[in-house]
Amino acid sequence: MPELPDVEGFRRVLIACGRRCVTDIEVRDAGVLRGVTEKRLRKDGEGRRLGTAWRHGKWLFAPMDGGPTLVFHFGMTGSLWCCSPDEPLAAHDRLVLTLDDVRSLRYRDQRKLQGVQLLGDAAVGRILDGLGPDALAVDRAELAELLSGRRGAVKSALMDQSVIAGLGNLLCDEILWRARFAPRTPARDLSETACRGIHAAMGRVLRSSVRAGCVPPRRSWLTGRRDDSEPRCPRCRGALCSGRLAGRRTVWCPHCQP
DNA sequence: ATAAAGTCCTGAAAGC
DNA sequence: TGCTTTCAGGACTTTA
């Protein structure tokens with residue numbers, strides 16, 4: 001699930017929690033802690049007030065007043081919830097922060113592919129150094145610049161977080177379908193006009209998805225068709241192709257995306 | 001049993 | 001040729 005639009009939704013969950021004080025931290029599965037022990041997390045985190053959460057790509061940062069920053073990554077199955085402490089826990093609630101004893105912030109994740117870190121400013125900086133600009137903030141010229149000179153498939157370039165941060169498998173397929181480019185097109189072969197089209201498609205897909213909090217599985221979108229048993233293109237009604245690119249399932253329309 | 005929306009690591013290919 | 005950058009695929013983990 002979690003690509004940029006989902007993580008943007010999780011940021012709003014954090015904002016909705018308010019700038020409350022962390023009164024308790026319960027580690028229900030230490031497997032999601034990355035580079036921090038339960039002891040350290042509780043020692044450094046409990047008693048601190050949450051600052052304003054921010055996001056870059058698929059990473060979510062929750063700075064704590066006068067202290068380190070809680071850093072969340074959601075892998076493929078992670079999510080963040082803010083509810084009443086009375087709410088029964090879900091099976092995969094791995095980390096539970098109680099806020100001012102009145103709110104319960106829950107990091108839920110089935111597969112523990114990623115996790116939660118507690119980092120100082122320098123370490124946060126190192127994460128950002130490894131990421132390209134946030135996909136929502138990339139302008140047309142910048143996208144063309146980012147794609148130029150990449151000899152691999154355009155989908156691989158868009159998926160590469162060090163090139164542009166926030167796009168995942170579903171978004172990339174959706175964007176390329178909208179812009180009418182085959183996923184395997186070498187990025188450097190794209191003309192100025194082609195990049196312009198991809199940029200426009202990216203903006204539209206991202207804005208709609210952020211509004212929905214996910215890449216919406218609408219029937220008028222590729223995403224809404226890719227799990228059909230015999231998927232057809234919502235635009236031309238032709239049969240969609242499904243294959244593997246860079247290890248990820250890739251769906252495209254051979255007619256619309258030559 | 002297979003496949004899944006995440007990233008990291010590896011060996012290989014491409015480029016200078 | 002040799003070094004560096006870039007690419008594609010597999011590992012990781014858990015469950016439906």
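Remember, it's a predicted structure, so these values are computed and weren't measured experimentally. Order of the sequence lines sets the chain letters (A, B, ...), proteins ahead of strands, with each chain counted from 1.
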Compile the donor-acceptor pairs under 3.5 Å between side chains in residues 61-69 of chain A and protein atoms, sequence neighbours left out, one pair per line.
residue, atom, partner, partner atom, Å
A/Asp65, OD1, A/Arg19, NH2, 3.2
A/Asp65, OD2, A/Arg19, NH2, 2.9

Pick base, sugar-phosphate or nothing for [X], based on heavy-atom distances below 4.0 Å to the nucleic acid.
X	answer
A/Arg188	sugar-phosphate
A/Arg249	sugar-phosphate
A/Arg248	base

Quickly work out the A/Leu113 CG to B/dG6 P distance and round it to whole Å. 10 Å
Rounded off to whole Å, could you give me the NZ-to-P distance for the A/Lys112 and B/dA4 pair?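 For the pair A/Lys112 NZ and B/dA4 P, the rounded distance is 22 Å.
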Under 4.0 Å from OP1 or OP2 of B/dA4: is there any side-chain N or O of A/Arg244 that close? yes
Under 6.0 Å from the six-membered ring centre of [Y] and within 45° of its axis: does the NZ or CZ of [X] meet both?
X	Y	answer
A/Arg235	A/Trp177	yes
A/Arg11	A/Trp54	no
A/Arg178	A/Trp221	yes

Closest to side chain of [X], choosing from [options]:
X	options	value
A/Asn169	B/dA5, C/dA8, B/dT7	B/dA5
A/Arg150	C/dC7, B/dA5, C/dT15	C/dC7
A/His73	C/dT15, B/dT7, B/dA5	B/dT7
A/Leu170	C/dT5, B/dA5, C/dT14	B/dA5

List DNA chain C stems (3 or more consecutive Watson-Crick/G-U pairs, under 3.5 Å)? B:2-4 with C:14-16, B:6-16 with C:2-12
Any donor and acceptor pair, going by atom type alone, linking the side chain of A/Arg188 with main-chain N or O of A/Leu147 inside 3.5 Å?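 A pair under 3.5 Å: no.
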For the side chain of A/Thr98 and the backbone of A/Asp101, is there at least one donor-acceptor N/O pair under 3.5 Å apart? no
Hey, would you say the A/Phe10 and A/Phe74 ring centroids sit under 6.0 Å apart? yes
Reading DNA chain B from 5' onward, which residue's closest nucleotide shows up sooner: A/Arg151 or A/Gln110? A/Gln110
Please compare A/Trp59 and A/Arg111 by the position of their nearest nucleotide in DNA chain B and report the one closer to 5'. A/Arg111
